[in-house]
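Please read the structure below before turning to the comments.
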Amino acid sequence: MTNRIKELRARENLTQLDLAKLVDVRRETIGFLEKGKFNPSLKLAYEISRIFKLQIEEVFIFDG
Amino acid sequence: MKKLIIGIAITLIIIIGVLVLLTTETISKNDLLQSSFVLIIVVGFGMLVLFRRFKSIKKGESTDDELSKLILQKSSSLSFYISLYLWLIISYFSGKINIEIEELIGYGIIGMAIIFAGIWSFLKINGLKND
């Protein structure tokens, strides 16, 4: 699974820490998500997508 | 509240353990060394976790998110699994080498602590690819 968190975060002018605070996780978790080293729970994926005002499938791309 | 109770329970176990150790009539140098080693690993690990939590609180971010919980769960289960093999090896060698059984148990506990700390550190650095 890949995601567009880094790109969307840059577009919204948010730092990793800003986004981490908004979705109530640690900054490292956002870092691992961006690097594709961690797949989020459905709840976290939903919260991140909501911050960017997008659908989950627009942020997280399941590539088989 | 649950975390506070667990924290108090762990502290009590450590204090009781140290008291039992100190009140034992004869403490060999080796026993003391082993106990100190385990204590250093446990306290060191606790201090590291506390330090990270204070750092997170200072930054205003979450102290216990889903990745931290997953890493803790994964390292606990993995270290338990690996420890089974460690005890198997220890029990195999217990009849072959001339070491007191208490000493062997001490080495086993040290091994378990090192295995857990190693796996936890590895996952903290490399992340958890939970596909």
Side-chain angles (χ1 to χ4, degrees), chain A, chain B residues 1-7 10-11 41-82 113-131:
Chain A
M1 191 163 73
T2 54
N3 65 70
R4 294 171 55 212
I5 296 175
K6 197 172 181 178
E7 171 204 330
L8 295 166
R9 190 172 56 75
R11 198 177 73 186
E12 297 287 326
N13 234 349
L14 288 169
T15 63
Q16 285 188 342
L17 187 61
D18 293 334
L19 183 59
K21 282 180 186 173
L22 286 169
V23 293
D24 198 31
V25 294
R26 295 173 64 91
R27 190 196 58 77
E28 288 92 339
T29 305
I30 301 295
F32 284 130
L33 277 171
E34 287 183 358
K35 285 181 202 158
K37 287 184 172 180
F38 171 58
N39 291 330
S41 65
L42 189 58
K43 183 177 172 277
L44 181 56
Y46 173 75
E47 280 172 8
I48 291 171
S49 308
R50 203 175 57 175
I51 296 295
F52 297 124
K53 298 178 187 73
L54 291 168
Q55 299 291 314
I56 289 181
E57 59 268 30
E58 291 176 285
V59 182
F60 297 92
I61 301 112
F62 186 72
D63 43 18
Chain B
M1 192 65 190
K2 200 174 142 192
K3 279 180 189 167
L4 186 73
I5 293 168
I6 292 170
I10 291 171
T11 313
I41 293 175
V42 172
V43 172
F45 183 72
M47 295 281 275
L48 182 74
V49 172
L50 266 179
F51 176 72
R52 288 175 64 91
R53 277 180 185 232
F54 276 124
K55 230 170 97 176
S56 295
I57 290 167
K58 232 173 139 181
K59 281 189 205 164
E61 62 178 2
S62 169
T63 52
D64 219 8
D65 65 356
E66 63 177 61
L67 180 61
S68 312
K69 283 177 193 163
L70 268 176
I71 286 176
L72 201 62
Q73 279 172 9
K74 185 86 177 174
S75 26
S76 305
S77 58
L78 256 178
S79 58
F80 171 75
Y81 186 68
I82 295 169
I114 291 172
I115 288 167
F116 177 77
I119 294 171
W120 185 84
S121 310
F122 178 81
L123 291 177
K124 269 283 175 193
I125 293 165
N126 293 293
L128 187 60
K129 191 96 175 98
N130 49 340
D131 284 319

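Lettering follows sequence order; numbering is per chain, from 1.
Residues B:Glu66 and A:Leu44 form a side-chain contact, since some pair of their non-hydrogen atoms from C-beta on lies under 4.5 Å apart.
Side-chain N or O atoms of A:Lys21 include one that pairs as donor or acceptor with a backbone N or O of B:Lys59 at under 3.5 Å.
More than 12 heavy-atom neighbours from other residues, nucleotides or ligands sit within 6.0 angstrom of NZ on A:Lys37. By the neighbour-count criterion of 12 heavy atoms within 6.0 Å, atom CG of A:Leu42 is sparsely surrounded, having that number or fewer from other residues, nucleotides or ligands. Few gaps surround CZ on A:Phe52; more than 12 heavy atoms of other groups in view lie less than 6.0 Å from it.
We find the CD1-OG1 distance between B:Ile71 and A:Thr29 to be 7.5 Å, quoted to the nearest 0.5 Å. Within the model, atoms OG1 of B:Thr63 and CZ of A:Arg26 stand 7.5 Å from one another, a figure rounded to the nearest 0.5 Å.
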Per-pair distances, 0.1 Å, donor-acceptor, side chain in residues 113-128 of chain B, under 3.5 Å, sequence neighbours excluded:
from, atom 1, to, atom 2, distance (Å)
B:Ser121, OG, B:Ala117, O, 2.6
B:Asn126, ND2, B:Phe122, O, 3.0

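Heavy atoms closer than 4.5 Å to chain B are found in both the backbone and the side chain of A:Phe38.
By number of non-hydrogen pairs under 4.5 angstrom with chain B, the leading residue of A:Val23, A:Asp24, A:Leu33 is A:Asp24.
Pairs engaging residues 44-56 of chain A under the salt bridge (Lys or Arg N to Asp or Glu O under 4.0 Å) rule: A:Lys43-A:Glu47 [sequence neighbours left out].
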*Could you please spell out the steps behind the side chain to side chain contact (heavy atoms under 4.5 Å, CB included) verdict for A:Gln16 and B:Glu61?*
CA-CA 11 Å; A:Gln16 285 188 342; B:Glu61 62 178 2; over 6 Å; no
